[in-house]
Trainee: 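Structure below; questions to follow.
Counting from 1, the numbers follow the sequence of the chain as shown.
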Amino acid sequence: MARVLVTGGSGYIAGFTIRQLIAEGWDVNTTVRSLTRESEVRDWLAVDNARLRFFAADLTSDPGWAEAVDGCTHVAHIASPIPPGAPRHEDELIVPARDGALRALRFAKAAGVQRFVMTSSVAAIAYGHHSSRTEFTEADWSNLESPRTYAYPKSKTIAERAAREWMEAEGQGMAFVTVNPAAVLGPVLGRDFSPSIEAVKKLLEGAMPGVPDLGFGIVDVRDVADLHVRCLTADDVADERFIASGPFLKLIDIAHILRDRLGPEARKVPTRRLPDFMVRILGRFIPELGQVASELGRVKVSTAAHARDVLGWEPRPVEETIVDTARSLIDQGIVNV
Ligand code: NAP
């Protein structure tokens, strides 16, 4: 197997991708913003340390990138800011997402990389469309003109578009493909987990008086890692986009699965719907709720049929993902049930 650069080794999806790559015989370079995190990340990855090298590199500046990608034939560019709440200004997300992708592409091309897989998102596909639209495919792009497209979906849309434009102009000889995951859940490796886990954490903690009428496609982190590895290795995937998603569930459905499957450990999980007007009022005080209030009541099904048909990718049952998310949060003492 060859050597692959996985950017953002401290991240949730990157961690599972690194694990799978090393298990399949790859040597892996990874970037972190600061090497002070190396030993902590090695601890939670628990892989063959001899196969994994760390490099310090930030999405917003050049130092470290040439060294990180040197000797790599493949790149999985996964790092991108995904904030726990609303940023003060959208450029806090857009600039590192876009410029980081372009920077990683430039250094990859200069190093002779053959294939570049970028982690985009369903957020680059299914936002800002008319509320009557409920089904989305890889042919769709989020609408940047809509006021409902908030900072994070903007950052993912702008970054993927910029990467594709750069590839068309300058990327000859390097294959480019994106993985576009829905909301990623699954077991956490440690306390530094992705913000996408927050919804399950808040339900288990009974942090809200009821459940907002919000929903999303759900996909398991282990299946997202597997789709990245397939994209790194499959034939004839240049320029493709692959949605990674299981079924669309409302938070209330997740709450019921937790109640049914965890028994007394799910005793704090609310099962009453929070009226939309109350969510909007709460959203004035809780920015992360405020920014998604425009998504109340929406149903958005992003089909992963393309990944199934072309790559033979098969996500696991969503109940397993939800229960494993909760189990790992409880077992690691991250939530107090
Ligand atoms: P995560 O655990 O928060 O990982 C994000 C990674 O990006 C971290 O390693 C973080 O480093 C790194 N990063 C952020 N800003 C950076 C910067 N300026 N310079 C260098 N590294 C930076 O989140 P994740 O869920 O694994 O997300 C990984 C990718 O998947 C992102 O591209 C995200 O948009 C995409 N995605 C996630 C979901 C989801 O539901 N989680 C869904 C669709 C797509 P630090 O540890 O130093 O902060």
Trainee: Using the six-membered ring wherever Trp is involved, compare the ring planes of F176 and F116 and label them parallel, tilted or perpendicular (cut-offs 30° and 60°).
Mentor: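 Parallel, since the angle between the ring planes stays under 30°.
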
Trainee: Between D99 and R103, does any NZ, NE, NH1 or NH2 come within less than 4.0 Å of an OD or OE carboxylate oxygen?
Mentor: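 Looking at R103 and D99, the cut-off is not met.
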
Trainee: Tell me, please, which residues at least two apart from D239 pass salt bridge (Lys or Arg N to Asp or Glu O under 4.0 Å).
Mentor: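 By the salt bridge (Lys or Arg N to Asp or Glu O under 4.0 Å) rule, D239 matches no residue at all.
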
Trainee: Please identify which of these residues, E319, E314, E320, meets the salt bridge (charged side-chain N to carboxylate O under 4.0 Å, His left out) condition with R316.
Mentor: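 The option that passes is E320.
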
Trainee: Less than 6.0 angstrom from the centroid, inside 45 degrees of the normal: does R98 satisfy that with respect to the ring of W166?
Mentor: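 Here R98 fails the 6.0 Å and 45° test against W166.
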
Trainee: Kindly list each side-chain donor-acceptor pair under 3.5 angstrom involving residues 271-282, sequence neighbours excluded, with atom names and distances?
Mentor:
from: R273; atom 1: NH2; to: D276; atom 2: OD1; distance (Å): 3.1

Trainee: Is the backbone N or O of N180 less than 3.5 Å from a side-chain atom of T178, with the two atoms forming a donor-acceptor pair by type?
Mentor: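 Checking the backbone N and O of N180 against the side chain of T178, no donor-acceptor pair under 3.5 Å is found.
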
Trainee: Inspect the contact between E160 and K156 and indicate whether a charged nitrogen and a carboxylate oxygen are less than 4.0 angstrom apart.
Mentor: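 A salt bridge is absent here (no side-chain N lies under 4.0 Å from a carboxylate O).
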
Trainee: Check this for me: does any side-chain nitrogen of one of R106 and E170 sit under 4.0 Å from a carboxylate oxygen of the other?
Mentor: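 Salt bridge between R106 and E170, a charged N being under 4.0 Å from a carboxylate O: no.
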
Trainee: Hey, is the main chain of G71 close enough, under 3.5 Å, to the side chain of R3 for a donor-acceptor pair?
Mentor: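 No, because the side chain of R3 does not come within donor-acceptor range (under 3.5 Å) of the backbone of G71.
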
Trainee: Using modelled atom types only, decide if a donor and an acceptor are shared between the side chain of T7 and the backbone of A79 within a distance under 3.5 Å.
Mentor: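 At least one qualifying donor-acceptor pair exists.
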
Trainee: Before accepting this row, confirm whether a basic side-chain N of the pair R222/D226 lies closer than 4.0 Å to the acidic partner's carboxylate O.
Mentor: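 No.
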
